[in-house]
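Below: one structure, written as structure tokens.
Starting from 1, each residue takes its place in the sequence as its number. On a predicted model such as this, the values are computed, not experimentally measured, just so you know.
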Amino acid sequence: LVADTRCGLGESPFWDETTGEIAWLDIEAGTMLRHRDGGEISKVELAPEVTFAAMADDGGIVFADPRGVHHQTATGDLHSLAPSWLDPASARTNDGAVDAQGRIWVGSTTRARTRGTGEIGVVLEGDWQPRFHDLTLPNGIGWSPADDRIYYVDTLSGTLWRAPFDSTDGSTGQPQPFFTLGRDRGLLDGLCVDETGAIWVAIWGGGVVIRIDEFGDVTTTVEVGASAVTSCAFAGTSLFITTADPEGLDRVGVGGLYSVEVGVGGVPIAMASTRSQTPENEP
């Protein structure tokens with residue numbers, strides 16, 4: 001345990017190499033937290049229901065919420081990268097990721113989590129374009145070291161999917177189930193990919209992060225001091241892990257940030273491209 005923040009819903013961790021901080025969200029509080037060696041923690045207020053955030057190529061951040069995908073510059077100016085494709089009254093965004101070309105990928109689901117109504121798509125030319133359909137609760141997204149495969153989770157079906165990926169244009173091939181987890185072991189949540197091609201997946205309700213190798217076998221299990229494990233991200237060879245406190249227990253470690261030395265680094269994470277942004281797109 002490196003930060004006993006007791007987040008209601010800690011999520012979306014990423015390493016900010018420009019500041020040497022690990023950043024993550026407390027979705028319920030509408031804040032981004034940042035932690036650096038020495039124990040210092042800072043908080044930044046964001047919009048309600050921000051469910052995904054990442055570094056932008058100008059030193060700011062990008063984030064997604066039911067109103068769309070946005071860019072907050074390093075000086076605090078706010079612009080829209082893609083207008084909402086959702087009815088915020090009945091649907092919301094969920095997890096997301098940035099591919100090696102700086103494209104922003106975001107999942108969405110209905111608030112009722114109706115089966116088959118979730119999707120994952122990519123922001124291209126100012127619009128969110130769907131890529132994967134018929135999901136229920138889309139979650140963690142990542143890419144293979146060779147950038148030729150994309151992985152993503154459908155949490156409520158207990159399935160980690162894998163599909164061919166073309167990095168030149170962001171197109172995808174036919175997805176296939178890669179790994180499944182029984183409900184009695186918890187729910188697949190956020191993920192990251194290491195430089196060997198293994199996928200590290202947080203298990204909500206299982207109190208662990210598991211490492212799945214290229215053959216779909218679990219080779220490592222990291223026990224975490226909280227049951228609701230939500231996501232993970234690499235910083236060098238350290239794996240940072242976010243958790244949640246869905247029951248409002250307010251106990252040490254529940255909803256906190258954890259780290260573990262795993263002896264391997266992650267697939268390099270690109271900064272989100274904001275080149276298509278125009279001032280006229282301000283939300």
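- In this structure, Thr5 has no side chain to side chain donor-acceptor pair (under 3.5 Å) partners at least two apart in sequence or on a different chain.
- Counting heavy atoms from C-beta outward, Phe179 and Leu188 have side chains that approach closer than 4.5 Å.
- Between Tyr151 and Phe178, the gap from one ring centroid to the other is short of 6.0 Å.
- With sequence neighbours excluded, no residue satisfies side chain to side chain donor-acceptor pair (under 3.5 Å) with Asp245.
- For the pair Thr155 and Trp204, the minimum side-chain heavy-atom distance is 4.5 Å or more.
- Looking at Tyr258, its side chain does come within 3.5 Å of a backbone N or O of Gly253 through a donor-acceptor pair.
- Scanning for side chain to side chain donor-acceptor pair (under 3.5 Å) contacts around Gln101 gives an empty result, with sequence neighbours left out.
- Sorted by first then second residue, the salt bridge (Lys or Arg N to Asp or Glu O under 4.0 Å) pairs that include residues 212-231, not counting sequence neighbours, number zero.
- Considering CD1 of Ile120 and CZ of Phe132, their distance stands at 7.0 Å, rounded to 0.5 Å.
- Listed here is the closest heavy atom pair of Phe234 and Gly266: CD1-CA, 3.4 Å.
- Pairs engaging residues 180-189 under the side-chain hydrogen bond (donor to acceptor under 3.5 Å, both in side chains) rule: Asn139-Asp189 [sequence neighbours left out].
- A donor atom on one side chain and an acceptor atom on the other are found under 3.5 Å apart for Thr117 and Thr110.
- Within a 6.0 Å sphere centred on CG of Asp37, other residues, nucleotides and ligands contribute 12 heavy atoms or fewer.
- Under the salt bridge (Lys or Arg N to Asp or Glu O under 4.0 Å) criterion, the residue pairs touching residues 195-211 are Asp194-Arg211, with sequence neighbours excluded.
- Here the side chain of Trp85 pairs no donor or acceptor atom with the backbone of Gly68 at under 3.5 angstrom.
- Every pair passing salt bridge (Lys or Arg N to Asp or Glu O under 4.0 Å) that includes a residue from residues 93-114 is listed here, sequence neighbours excluded: Glu49-Arg111, Asp99-Arg103.
- In terms of heavy-atom proximity, Val98 sits nearest to Ala54 at CG2-CB, 3.8 Å.
- Surrounding CD of Glu40 are at most 12 heavy atoms belonging to other residues, nucleotides or ligands under 6.0 Å away.
- Take Asp65 and apply the salt bridge (Lys or Arg N to Asp or Glu O under 4.0 Å) test, not counting sequence neighbours, and it matches Arg67.
- Between the OG atom of Ser171 and the CG atom of Leu124 there is a distance of 10.0 Å, given to the nearest 0.5 Å.
- Taking 4.5 Å as the limit, some side-chain heavy atom of Val222 sits within range of a side-chain heavy atom of Trp200.
- Of all non-hydrogen atoms in Gly190 and Cys232, the two that sit nearest each other are O-SG, 4.4 Å.
- Thr219 has its side chain out of reach of Ile212: every pair of non-hydrogen atoms, C-beta onward, lies at least 4.5 Å apart.
- Two residues are said to be in side-chain contact when any heavy atoms from C-beta on lie closer than 4.5 Å; Trp24 and His35 meet this criterion.
- Between the side chain of Thr230 and the backbone N or O of Gly10 there is at least one donor-acceptor pair closer than 3.5 Å.
- With contacts defined as side-chain heavy-atom distances shorter than 4.5 Å, the pair Val50/Met32 does not qualify.
- Going from atom CD1 of Ile27 over to atom CZ of Phe52 covers 11.5 Å, rounded to the nearest 0.5 Å.
- With sequence neighbours excluded, the residues forming a side chain to side chain contact (heavy atoms under 4.5 Å, CB included) with Val252 are Leu1, Asp4, Arg6, listed by chain and number.
- Taking both residues in full, the closest heavy atoms of Gly8 and Glu28 are given as CA-OE1, 3.4 Å, listed atom of the first, atom of the second, then distance.
- Side-chain polar atoms of His71 and Asp77 form no donor-acceptor pair below 3.5 angstrom.
- Residue pairs satisfying the side-chain hydrogen bond (donor to acceptor under 3.5 Å, both in side chains) criterion with at least one member in residues 11-22, sequence neighbours excluded, are listed as follows: Asp16-Thr18, Asp16-Thr19, Asp16-Arg34, Thr19-Glu21, Glu21-Arg34, Glu21-Arg36.
- Pairing each heavy atom of Ala202 with each of Val209, the nearest pair is CA-CG2, 4.1 Å.
- Rounded to the nearest 0.5 Å, atoms CD1 (Ile150) and CG (Asp166) are 12.0 Å apart.
- A search for side chain to side chain donor-acceptor pair (under 3.5 Å) contacts involving Ser84 returns nothing, not counting sequence neighbours.
- Under a 3.5 Å cut-off, the side chain of Thr243 and the backbone N or O of Gly256 do form a donor-acceptor pair.
- Residues Leu160 and Leu191 have side chains in contact (heavy-atom distance under 4.5 Å, counting atoms from C-beta outward).
- Remark: the backbone N or O of Ser231 is paired with a side-chain donor or acceptor of Thr242 at under 3.5 angstrom.
- Side chain of Asp154 to backbone of Leu137: a donor-acceptor contact under 3.5 angstrom is found.
- Judged by distance alone, the side chains of Asn94 and Thr51 never bring a donor and an acceptor atom under 3.5 Å apart.
- At a cut-off of 3.5 Å, with distance as the only test, no side-chain donor of Ser238 or Ser259 sits close to an acceptor on the other residue.
- We find the OH-CZ distance between Tyr152 and Arg131 to be 12.5 Å, quoted to the nearest 0.5 Å.
- Two residues are said to be in side-chain contact when any heavy atoms from C-beta on lie closer than 4.5 Å; Leu86 and Thr93 meet this criterion.
- Judged as a salt bridge (Lys or Arg N to Asp or Glu O under 4.0 Å), not a single pair has a partner in residues 140-151 (not counting sequence neighbours).
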>> Please evaluate residues Leu81 and Ile104 with respect to the criterion side-chain contact (heavy atoms from CB on, under 4.5 Å), reporting the C-alpha separation (whole Å), side-chain torsions for both, the decisive distance (0.1 Å), and the verdict.
In response: CA-CA 10 Å; Leu81 295 178; Ile104 303 164; 3.6 Å; yes
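- Met55 and Leu46 fall within a single hydrophobic cluster, where Ile, Leu, Val, Met, Phe, Trp and Tyr are joined by side-chain heavy atoms under 4.5 Å apart, directly or via other members.
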